[in-house]
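This report refers to the structure that appears directly beneath it.
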Amino acid sequence: MDNFFSIRTVTWEGDAVRMIDQSALPIKLTYVRYTRSEQIADAIRSMVVRGAPAIGVAAAMGLALAAARSRTTRLPDFMKEMEAAASLLRGTRPTAVNLFWGIDRVMSVAASASTVQSAREAVSSEVKAMEEEDFQVNKRLGRNGADLIKNGDTVLTQCNAGALATVGYGTALGVVRAAVEQGKLVKVLVPETRPALQGARLTAFELVRDRIACTLISDTAVGLMMSRGRVDCAIVGADRITKDGYVFNKIGTYQEAVLAKRHGIPFYPAAPRSSFDLERTYDRVTIEERGAEEVVEIRGRRIAPKGIPVANPAFDMTPPELVTAMITDRGLVKPPYDENIARLIA
Ligand code: MRU
């Protein structure tokens with residue numbers, strides 16, 4: 001089973017970035033090709049590419065495009081252009097720390113070069129390495145978490161923390177894939193994940209494509225499913241895990257965690273090193289507020305009266321006391337999280 005969802009979400013082609021247009025899924029599997037950093041910024045903002053690790057790598061590649069297109073031969077001017085592109089990309093989405101991790105990593109590679117040409121080459125090889133690394137890190141993370149899933153288990157997830165949210169293989173769904181690779185029968189319960197429907201559109205798409213058993217539910221069915229014994233564990237992704245162990249992830253994750261505690265069900269966020277924010281505590285994180293149209297419309301069709309006030313927070317925050325363990329590429333992180341994040345992740 002080595003060819004699980006073998007297509008890559010984001011790839012570096014040397015002078016262009018190729019990515020799956022996730023806004024068209026599951027109706028059409030199409031690719032877009034971008035040659036300018038501004039196009040990458042638009043793609044991140046409009047969620048043509050989404051998912052914390054995927055936007056981290058995409059933003060890094062956006063900077064590599066800025067480097068490739070620069071016409072200057074003076075290093076200080078080159079760095080000014082790179083800073084401008086970095087600032088545009090930093091402003092796209094505030095919550096996933098991977099975005100800033102990807103940008104900082106490329107900027108520090110550029111800053112240590114001694115000529116424009118060597119900076120361009122170093123940045124280009126760095127983003128190719130990041131693409132490959134993301135895939136390998138997710139495979140490792142998947143293996144580290146697979147033993148938490150028993151044969152016959154049903155795993156509840158949230159949003160899409162799969163191959164489409166990464167370069168490939170996925171984080172939460174990477175753990176499921178690794179358990180299936182071990183020969184276990186695993187079923188995934190997929191909440192639709194209003195308002196942008198990443199569960200119904202993307203998680204369902206990749207699981208069906210990989211022939212992994214799954215059932216789509218409405219977000220509001222989670223509590224009932226748990227109370228009926230239909231969930232063995234919850235595995236979700238993370239956009240940012242702060243140094244004090246708070247997990248920021250797609251809106252709806254917190255209520256899953258609360259319900260999991262109520263029903264004695266283990267709750268596991270799965271995240272690579274690049275999703276950890278070792279500088280901040282929970283109170284210094286911005287939760288993205290997205291446009292009202294995502295809530296008053298479903299796929300372009302109006303469902304609420306005109307003029308209704310709307311709140312649309314895209315992420316929520318799960319406190320450490322609701323987390324059973326964190327699955328990472330460095331192994332399992334268990335409580336107390338502040339100590340163990342510092343020990344295992346830093
Ligand atoms: O708004 P999105 O679709 O970018 O949100 C994605 C999530 O919340 C994922 O769970 C998270 O990025 C982890 S993906 C491995």
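A quick note: this is a predicted structure, and the numbers were derived from the prediction, not measured. Read the numbers this way: they start at 1 and go in the same order the structure lists the ligands and their atoms.
Within the 4.5 Å cutoff, the side chain of Glu297 has no heavy atoms near those of the Ile303 side chain.
Crowding of Glu321 atom CD: a count of heavy atoms from other residues, nucleotides or ligands under 6.0 Å exceeding 12.
Side chains of Asp239 and Thr95: a donor-acceptor N/O pair is absent below 3.5 angstrom, by distance only.
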N/O pairs closer than 3.5 Å, ligand 1 and protein:
| residue | atom | partner | partner atom | Å |
| --- | --- | --- | --- | --- |
| ligand 1 | 1 (O) | Arg93 | NH1 | 3.4 |
| ligand 1 | 1 (O) | Arg93 | NH2 | 2.8 |
| ligand 1 | 1 (O) | Lys250 | NZ | 2.7 |
| ligand 1 | 3 (O) | Arg50 | NE | 2.8 |
| ligand 1 | 3 (O) | Arg50 | NH2 | 3.1 |
| ligand 1 | 3 (O) | Gln198 | NE2 | 2.8 |
| ligand 1 | 4 (O) | Gly51 | N | 3.0 |
| ligand 1 | 4 (O) | Arg93 | NH1 | 2.9 |
| ligand 1 | 8 (O) | Asp239 | OD1 | 2.9 |
| ligand 1 | 8 (O) | Asn249 | OD1 | 3.2 |
| ligand 1 | 8 (O) | Lys250 | N | 3.2 |
| ligand 1 | 10 (O) | Asn249 | OD1 | 2.7 |
| ligand 1 | 12 (O) | Ala52 | N | 2.8 |
| ligand 1 | 12 (O) | Asp239 | OD1 | 3.2 |
| ligand 1 | 12 (O) | Asp239 | OD2 | 3.0 |

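Cation-pi check for Arg8 over Phe135 is met; the charged atom lies under 6.0 angstrom from the ring centroid and within 45 degrees of its normal.
Applying ring-ring contact (aromatic ring centres under 6.0 Å, His included) to Tyr282 and the options Tyr337, Tyr246, Phe248 leaves one that passes, Tyr246. A side-chain hydrogen bond (donor to acceptor under 3.5 Å, both in side chains) with Gln136 is found for exactly one of Glu133, Lys139, Glu132, Arg140, namely Glu132.
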